[in-house]
Number of protein chains: 2
Amino acid sequence: MSGPARESGCTELMSDPSDNAPSAPHATSDLEEGTALKPKFGADGLITCVATDASSGEVLMVAHMNEEALGKTVATGQAWYYSRSRRALWRKGETSGHTQRVVEMRIDCDQDAVWIRVEQTGGACHTGRHSCFYRAVPLGKGGVALEFRGARVFDPQAVYRDGSPGGARKRGGIK
Amino acid sequence: MSGPARESGCTELMSDPSDNAPSAPHATSDLEEGTALKPKFGADGLITCVATDASSGEVLMVAHMNEEALGKTVATGQAWYYSRSRRALWRKGETSGHTQRVVEMRIDCDQDAVWIRVEQTGGACHTGRHSCFYRAVPLGKGGVALEFRGARVFDPQAVYRDGSPGGARKRGGIK
C-alpha cells in the first residue's frame, strides 16, 4: 500500500513545482485531464474513499474500496466498501439499515482517491453519531482535551443487538 | 500500512454488529469516547487527512500526515503534510503560495483519520483547480466518460514556473 502508486498528485507536486500536468508525460496528462476512469488501486488493491453528507458537506467517514466495491457503488448508487481486517466486501448499512445513497461520485486528479456525496440513513458511525468525526482537536493548544461535537442519532446497543463483549470474536466475525 | 492498525472502526463494525463501543474493551471505549488525542499512525507512520473547504464543504484533497506534520498543523493552524514519495515534510503552499488555514480539525472514532476544514488560498490542486476532485463518475452507467466539474482557478504553468518536462526528475525532486 505504500510507494508512489498510492501518491496523490497534489500531495506531491504542490511541494515540488516542476512536475505538473501541462508539461508532464502523456500518461500523467491523460490520467489527470482525460475522461477515462482509471482508478489507481494500491498494492493492497484498495483506494481511499471519503463519504460526505450531500446536504451539509460534513465528512461522515473515510473508508476503502476494492475494484468490486467501486464497481458495485457505481452500478447501484449505494455505497459498498471493503473491510481490510475481515477481507470482505460489504454494503454500508447491510446490518444496521444505515445505508448510503450516493448522490455524486468524484475522483481526484491522479485517480487514487474517491469522494462520494451521500444521503445517509440513520448515522454513519457505529458509535451512534451521524459522522465518525465527532471530536474536534483544539488548535494552537498542545495537549488540550478533544471536544465532542454532535450527539448520538441512534443507540448502537439497540441497532446492533448482539452487543455482548466479545460476541463477534466468538462468532469469528472480527479478526 | 496494511493490517488492523489502520482500520476504521466504522468501516469494520458496521458490517459486523457485535463489536461496538458500549460493550467493547476499555481501550476501544477510551479511544472512541475519551478526550485524549491518540492518533493511530499506520505502520508507515502516516495518518490519512481529508481537507475540505470550510465554506462550501467541498473536498479539496486527500493527503497524509506523519506525527510531525500533524503536530505542526495543530500548533500553527496551517496545513502541513508528509510526502510519501519524497519522504519529506511539507507545508501546503510553500511553493505556490496556495496555503490552507485550518479553521477546524476533527479526528474520527478510532482516531485513524483526520479531517481539516480549511480556508484555501488560490486552488488546492496542482492542475489549477480549487479541488483535486474536479471530475464526476457517472453512476449506473458503466464505462461512461468522466464529467468535468469546476474550471481552473489559477494557471499552473504561471504558478509553477519551472514547468519544463522532466525538470523535477532532473533535479532529483520527484522519485
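Residue numbers begin at 1 in each chain, while the letters A, B, ... track the order of the sequences.
- Summarising the geometry of B:L139 relative to A:T73, their closest heavy-atom pair is CD2-O, 4.2 Å, with the distance given to 0.1 Å.
- When B:V102, B:V59, B:V74 are compared by the number of non-hydrogen pairs under 4.5 Å with chain A, B:V59 comes out ahead.
- A salt bridge is absent between B:E104 and A:R135: the closest approach of a Lys/Arg side-chain nitrogen to an acidic carboxylate oxygen does not fall below 4.0 angstrom.
- By the 6.0 Å contact criterion, CD on A:E147 is enclosed, its count of non-hydrogen atoms from other residues, nucleotides or ligands being greater than 12.
- When heavy atoms are compared at a cutoff of 4.5 Å, A:A75 approaches chain B solely by way of its backbone atoms N, CA, C and O.
- Residue A:Y81 is grouped with residue A:M105 when hydrophobic side chains (ILVMFWY) are merged at heavy-atom distances under 4.5 angstrom, including chains of intermediate members.
- Proximity to chain A involves both the backbone and the side chain of B:E58, based on heavy atoms less than 4.5 angstrom apart.
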**Item:** Criterion side chain to side chain contact (heavy atoms under 4.5 Å, CB included) on B:K38 and A:L146, from CA distance to verdict
**Value:** CA-CA 10 Å; B:K38 297 177 180 174; A:L146 299 176; over 6 Å; no
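- When heavy atoms are compared at a cutoff of 4.5 Å, B:A36 approaches chain A solely by way of its backbone atoms N, CA, C and O.
- One hydrophobic cluster, built from ILVMFWY side chains closer than 4.5 Å, holds both B:V159 and B:V153.
- Linking Ile, Leu, Val, Met, Phe, Trp and Tyr whenever their side-chain heavy atoms come within less than 4.5 Å leaves A:L46 and A:L89 in two separate clusters.
- When all heavy atoms are compared, the tightest approach of A:T127 to B:C109 is CG2-CB, 4.3 Å.
- B:C132 SG to A:Q111 CD: the interatomic distance, rounded to the nearest 0.5 Å, is 12.5 Å.
- Annotation: maximal heavy-atom pairing with chain B below 4.5 Å, among A:P138, A:A88, A:G34, A:G128, occurs at A:G34.
- A:Y134 OH to B:I107 CD1: the interatomic distance, rounded to the nearest 0.5 Å, is 10.5 Å.
- The same ILVMFWY cluster, assembled from side-chain heavy atoms under 4.5 Å apart, contains both B:F41 and B:W90.
- Both the backbone and the side chain of B:A113 come within contact range of chain A, judged by heavy atoms closer than 4.5 Å.
- Of all heavy-atom pairs between B:V50 and A:V50, the closest is CG2-CG2, 3.6 Å.
- Between the A:R106 side chain and the B:F133 main chain, a donor and an acceptor come within less than 3.5 Å of each other.
- In this structure, chain A has a heavy atom under 4.5 Å from the backbone of B:V114, while its side chain stays farther away.
- For the atom pair CG of A:L60 and CH2 of B:W115, the computed distance is 8.5 Å after rounding to the nearest 0.5 Å.
- Placement of A:L70 and A:V103 in two distinct hydrophobic clusters is found when ILVMFWY residues are connected by side-chain heavy-atom separations under 4.5 Å, directly or transitively.
- With a threshold of 4.5 angstrom between heavy atoms, B:R129 approaches chain A through side-chain atoms but not through N, CA, C or O.
- The minimum heavy-atom distance linking B:F148 with A:T35 is given by the pair CE1-CG2, 3.8 Å.
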